[in-house]
There are 2 protein chains.
Amino acid sequence: MRLAFQLSYDGNQFRGSQLQPAYRTVEGELITACQRVQLFDDPCKAGFALAGRTDRGVHARGQVGAFSTPFPERAVEALNGQLSPDLWCNGFAEVPPSFHPRFDAISRTYRYFFADWPLDIRAMDQAAAALIGTHDFSRLARVREKSPIRTVKSARVFQDRGIPVFEVTAHTYLWHMVRCMAAALLLIGTHEREPELMERLLSGKCRRNPPAAPADGLVLWDVDCGVTFTPTEPDPRSRDWIGSARREAMVRERIIGLLDRSGVDRRGKEPGDDSGRDLL
Amino acid sequence: MRLAFQLSYDGNQFRGSQLQPAYRTVEGELITACQRVQLFDDPCKAGFALAGRTDRGVHARGQVGAFSTPFPERAVEALNGQLSPDLWCNGFAEVPPSFHPRFDAISRTYRYFFADWPLDIRAMDQAAAALIGTHDFSRLARVREKSPIRTVKSARVFQDRGIPVFEVTAHTYLWHMVRCMAAALLLIGTHEREPELMERLLSGKCRRNPPAAPADGLVLWDVDCGVTFTPTEPDPRSRDWIGSARREAMVRERIIGLLDRSGVDRRGKEPGDDSGRDLL
């Protein structure tokens with residue numbers, strides 16, 4: 001039976017999603033776990049594949065993958081127990097034998113979380129709207145493929161608990177495309193550049209690409225393959241790991257804030273508190 | 001003139017405080033910065049010293065140091081500008097020529113921030129009270145010195161914005177002593193061990209030491225050398241760095257929380273929200 005799965009992972013401790021024999025990768029972890037519970041021996045023969053490639057440090061909330069196995073029940077029951085706590089399956093679905101997550105993906109949605117605020121959310125959202133449609137993204141990507149033309153279905157900037165977030169949906173992307181778009185939006189959000197920067201980048205009037213924004217703000221948010229997944233619970237070890245990683249981040253935030261004895265931390269204020277900079 | 005200074009640093013990117021030629025250390029950074037602005041050439045001749053040794057990863061909010069220099073005004077004006085943004089002086093004071101921060105320290109206060117909650121704060125605080133006084137701390141330290149006897153002046157456990165914190169004040173400590181005390185308190189706070197564990201460790205009835213708690217929760221909070229410091233502003237680069245490091249931690253906390261699609265993160269709840277575990 002061919003089985004699709006929906007996958008979350010923290011990108012911190014992975015050298016990206018794609019298999020590289022000498023490094024810890026998302027594909028490497030998954031294949032080893034599948035082999036350990038004998039879902040398949042040969043990942044190529046099992047048609048093992050992921051929908052989206054993610055670079056080193058990039059996270060995923062809704063990555064999609066698939067493989068063929070004679071033991072689908074065992075996959076659903078045992079796979080999460082064999083994975084490291086920083087990646088886990090959220091759901092499984094039976095799919096047709098021809099299903100390939102990469103080629104059958106209708107769209108991929110990314111979210112970029114900016115570790116910088118306050119930002120001019122309105123200007124960023126307006127600039128993001130300029131991305132929608134079919135454009136030459138040469139100046140907003142590292143182009144290796146033949147065609148730099150891509151179609152963005154939707155793009156917006158909003159705040160999530162005060163954190164500025166860029167969300168973009170497209171069928172496929174060029175390399176570093178989301179992180180370059182995020183970098184351009186950040187320049188607009190800090191008023192270092194005018195909102196027209198985006199149109200200039202899309203029309204080729206800017207010669208230089210903005211350097212890609214850091215990987216750790218990027219999340220592969222969702223992949224639409226037209227598949228409805230039956231939800232699975234993460235392993236309790238993953239639950240513990242998630243709670244622990246969150247608490248560690250909270251403690252770090254608190255300690256760093258306390259190191260400044262003067263207490264006049266002008267830029268480390270609560271997210272959403274825009275009082276310091278009159279940008280909105 | 002002999003000059004004392006009060007110092008903060010984020011321990012993350014340092015191999016501890018003590019000078020090690022091949023590594024980035026707090027002393028190494030400070031000495032290089034002092035030499036660059038020509039406060040002294042030879043740190044030994046200048047009597048350069050810090051009050052407390054901190055291990056790799058341990059932070060400081062109120063470390064104290066001293067050196068002799070013919071140019072005290074230049075130190076106050078220029079030193080922060082020469083330091084990396086993750087360490088900075090909070091204040092300076094003129095001290096007698098014989099002043100030595102290590103030997104003249106009356107007491108050192110540490111705070112340990114636990115990345116684990118909810119915890120039984122009351123049981124931990126009661127156990128912490130047992131630490132006060134003069135005891136053999138062999139079972140709560142890695143003993144290398146001749147005498148394992150130390151005197152704890154005060155010890156308490158409380159919550160800081162919901163984060164459990166252990167605060168302890170003593171004249172001097174054994175190696176890993178604060179982190180071993182924190183580890184024992186954590187076992188009591190999670191109810192893995194009875195509050196009597198602490199007295200058993202102090203009386204030598206327990207044979208095994210609890211393994212030291214992780215370094216990144218520990219902050220050298222204050223050193224009392226009987227000196228009153230005139231406050232100095234951190235360099236703007238340090239201010240930016242503090243804000244940026246705090247925002248990065250906030251974004252990480254948010255992303256990790258969002259990776260769990262089921263949203264039933266039982267242990268990653270807001271600090272201080274004790275609803276899940278009826279420990280208090």
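Per chain, numbering begins at 1; letters A, B, ... match sequence-line order.
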Problem set entry | Toward chain A, the part of W221(B) with a non-hydrogen atom under 4.5 Å | both
Problem set entry | Residues S8(B) and Q63(B): side-chain donor-acceptor under 3.5 angstrom | no
Problem set entry | Contact winner vs chain A - H59(B), R254(B), Q6(B), E248(B), heavy-atom pairs under 4.5 Å | R254(B)
Problem set entry | Proximity breakdown for P234(B) and chain A, heavy-atom pairs closer than 4.5 Å | side chain
Seminar exercise, completed: If one checks every heavy atom of I256(B) against chain A at 4.5 Å, the contacting part turns out to be both
Exercise. Under a 4.5 Å heavy-atom cutoff, which of T232(B), D86(B), V219(B), N12(B) has the most pairs with chain A?
Worked result: N12(B)
Problem set entry | Pick from V251(A), L259(A), D216(A), L258(A) with the largest number of heavy-atom pairs that fall under 4.5 Å of chain B | L259(A)
Exercise. Quick one: do D10(A) and R252(B) make a salt bridge, cutoff under 4.0 Å?
Worked result: yes
Exercise. Tell me, side chain or backbone of N90(B) under 4.5 Å from chain A's heavy atoms, or both, or neither?
Worked result: side chain
Problem set entry | N/O donor-acceptor pair under 3.5 Å between R24(B) side chain and Q13(B) backbone | yes
Exercise. Is a donor on one side and an acceptor on the other found under 3.5 Å between the side chain of D120(A) and the backbone of A123(A)?
Worked result: yes
Problem set entry | Short N-O contact, R239(B) and E233(B), less than 4.0 angstrom | yes
Exercise. Counting heavy atoms not belonging to R111(B), are there more than 12 under 6.0 Å from its CZ?
Worked result: yes
